[in-house]
Each structure stands twice: as structure tokens, then as C-alpha cells.
Amino acid sequence: MTPTETVLTDQLALEIARLGLVGESSDVGTLHRVTELAARAVPGCAGAASVRWSVPHAAGPPPGTASDALDIPAQAGGPEAGQDRPEPLAAAASHPDLAEVTDRQLSRGRGPIFDVVQDRRPLVSDDILGETRWPETVSDMLRRGVRCFTATPHLNPPVLVTLTLYGVTPKALGRGRHALASLLIAQGTAAVSNSQQYDDAHRTAVQLQEAVEARAVVDQAKGILMHALGCDADEAFAEMRRISQTRHVKLTALAQRIVGQHGLP
């Protein structure tokens, strides 16, 4: 068995599957479920943190195309910083210390998670004592007992999420752990994407329902005016518009008042 197969029990498989279901939880709630499950399920993982990012151009270059990667400068606020730069939208961590590590990277605008977002490829550091790429972040990690980490991105347009796993001993997060981490982040990203699509569809349905109900009330009000004034439908509607404009009342609100009173307001 591979290390991933060893830990992929029936219960864990069920919990991972549930991550991809549409629910009522917020982005932060979904990210918390991913990080807590990663910290508990991945061997050698002492804690985890995840971040959801905005993706201005979701249909950008394919993962692994470094030369066409998302435009994130090496340092925040530099001359290359522009409106197309992905920005963090939500973050979660399994432990307060790891939340601080993440928050400090986000406030600086640089660090391993920014490199992961830029290249859209996993990053691995088996022992951060030998790292020279992110001195500030490495210092933050060492003060909190971290000795190794892996960071994995996953894009499910328009949702991009990064998951970082932390270990307290060198090489605690071996290569065999990456498949499980990728599975967790894929399901978590799917949950956020599905919830967003569900919310959009629900919002549209509500708006359509409100439009249908408003049209029905306006039609009823027109019928009442046609009977009361002895006019046709166009004249009744024109009169409603005139009253609406002169009294600064929305047409739908006016129609509701006419229907409720069975006469002119």
C-alpha cells in the first residue's frame, strides 16, 4: 500500500466526499473543515492553513506554465502590482500560531503561498532551516516550531484555493502525502465553487419570482383602474406611471396599494 492508501479509511473517504457537497456554510467554514481534516488525516501533518483567492482571469494559462502565470509581483505594492493581481478573500487555519503565519504573509504580500498562487504548482520544503527564499516567513515558522511544509494550489474556476501543511520535524511530509493533500484541496475548492454557483442560481430564481409577482400585482392594479376610470390597459398603465412619478412612489408599491385598497391611493 502507498502511504495515502494506508490512511484513506472508509470514514475519511466519507468526510472527504462531504467536502464537495453544496451546503449553507460560508467560505471560511469550508476552509476550516479542509484544514482541520488535513491536520488530522495527513500523516506527519501537525497543522494546516488554507486561503481562498480571487481570480480576475479564471481562464488563464494552464497550471505549470510559469511564464504565463498569474501576475503577482515579488513584493506587494511594486510597480508591477495591478488590478489583475489575485487577492486573498478568506483564510482559515487549524491552529492560532499557523493563522498568524498565514496572516503575516498576507499582510506582507509575499511568501510561499504567493509563489504557489503565481506558479500554480505545489511547493515543498523538507527542512526550512536550509531555506533562503522567504527569510521572513521562515523566521515566523521557526518561532512556532515548524520545520517543514508543503503548499498546494487548486483552481476550479472561478475559485482558487491554496492548502499549506506544516510538520514539526524535517521531512515529516513525504512525497506520498501530496496525493491526499491534493484530494482534500480539490474537494474543498469544489465545495466553495458549488456553493457559489448555488447561491447565484438561487439569487436569480428569487429575482425572477419577485419579478413575476410584481408583474401580477401591476396587472391587477391596471384592471382595477380600467374598471374605475373606464379606460383601456395602456391608459391605465400611463396613469399609474404618472401617479408613481408625481408622488415619488415605486410603480410596484403603488400597484400594491391600489390592489389593497381597490381604488386610487
hydrophobic_cluster_shared for V42 and F149, side chain cutoff 4.5 Å: no
Check R147 with D127, please: is the shortest side-chain N to carboxylate O separation under 4.0 Å? yes
Between the main-chain N or O of D97 and the side-chain N or O of E100, is there a donor-acceptor pair closer than 3.5 Å? no
Above 12 or not: heavy atoms from other molecules or residues under 6.0 Å from CZ of R143? yes
Cationic N near anionic O, under 4.0 Å, R104 to E136: no
I need the minimum non-hydrogen distance between L142 and V146, along with the two atoms involved. CD2-O, 3.6 Å
Looking at V51, L89, V161, which hits side chain to side chain contact (heavy atoms under 4.5 Å, CB included) with L31? V161
d(S139 OG, R144 CZ) to nearest 0.5 Å is 8.5 Å
Set out, in order, the CA-CA distance, both residues' side-chain angles and the distance that settles side-chain contact (heavy atoms from CB on, under 4.5 Å) for I243 and R257, then state yes or no. CA-CA 12 Å; I243 297 174; R257 292 168 62 181; over 6 Å; no
Do the side chains of P153 and V117 get nearer than 4.5 Å, heavy atoms only? no
In this structure, NE2 of H227 is separated from CG of L225 (nearest 0.5 Å) by 11.0 Å
Exercise: identify the closest heavy-atom pair between Y166 and M141: CE2-CE, 3.7 Å
Roughly how far, to the nearest 0.5 Å, is CG of D219 from CZ of F237? 9.5 Å
To the nearest 0.5 Å, what is the distance between CZ (R110) and CZ (R133)? 16.0 Å
Give, for atom CG of D140 and atom OG1 of T102, the distance between the pair rounded to the nearest 0.5 Å. 10.0 Å
Within a strict 4.5 Å, meaning less than it, do heavy atoms of the D126 and P170 side chains meet? no
Walk me through it: do T164 and L98 pass the test side-chain contact (heavy atoms from CB on, under 4.5 Å)? CA-CA 10 Å; T164 306; L98 299 180; over 6 Å; no
Is there a path of hydrophobic side-chain contacts, each under 4.5 Å between heavy atoms of I/L/V/M/F/W/Y residues, joining M240 to I224? yes
What are the two closest non-hydrogen atoms of T252 and V217, and how far apart are they? O-CG1, 4.4 Å
Can you give me the closest heavy-atom contact between T137 and G111, atom names plus distance? OG1-CA, 3.9 Å
Taking all heavy atoms of S50 and all of T35, pick out the closest pair and write down the distance. OG-CG2, 3.0 Å
Has E131 got a side-chain atom pairing as donor or acceptor with V138's backbone, closer than 3.5 angstrom? no
same_hphob_cluster(V101, V116) at 4.5 Å side-chain heavy-atom cutoff: yes
M226 to A233 - nearest heavy-atom pair and separation: SD-CA, 3.6 Å
Linked, directly or transitively: W134 and F114 (ILVMFWY side chains, under 4.5 Å): no
Okay, side chain of S94, backbone of A48: is any donor-acceptor separation there less than 3.5 Å? yes
Using the rule that two of Ile, Leu, Val, Met, Phe, Trp, Tyr join whenever any of their side-chain heavy atoms come within less than 4.5 Å, decide whether L123 and I128 are in one cluster. yes
Spatial distance of atom CZ (R52) from atom NE2 (H154) [nearest 0.5 Å]: 14.0 Å
Could you please spell out the steps behind the side-chain contact (heavy atoms from CB on, under 4.5 Å) verdict for L229 and E235? CA-CA 9 Å; L229 302 178; E235 291 172 333; over 6 Å; no
Report yes or no: does S244 contribute a side-chain atom to a donor-acceptor pair with the main-chain N or O of V249 at less than 3.5 Å? yes
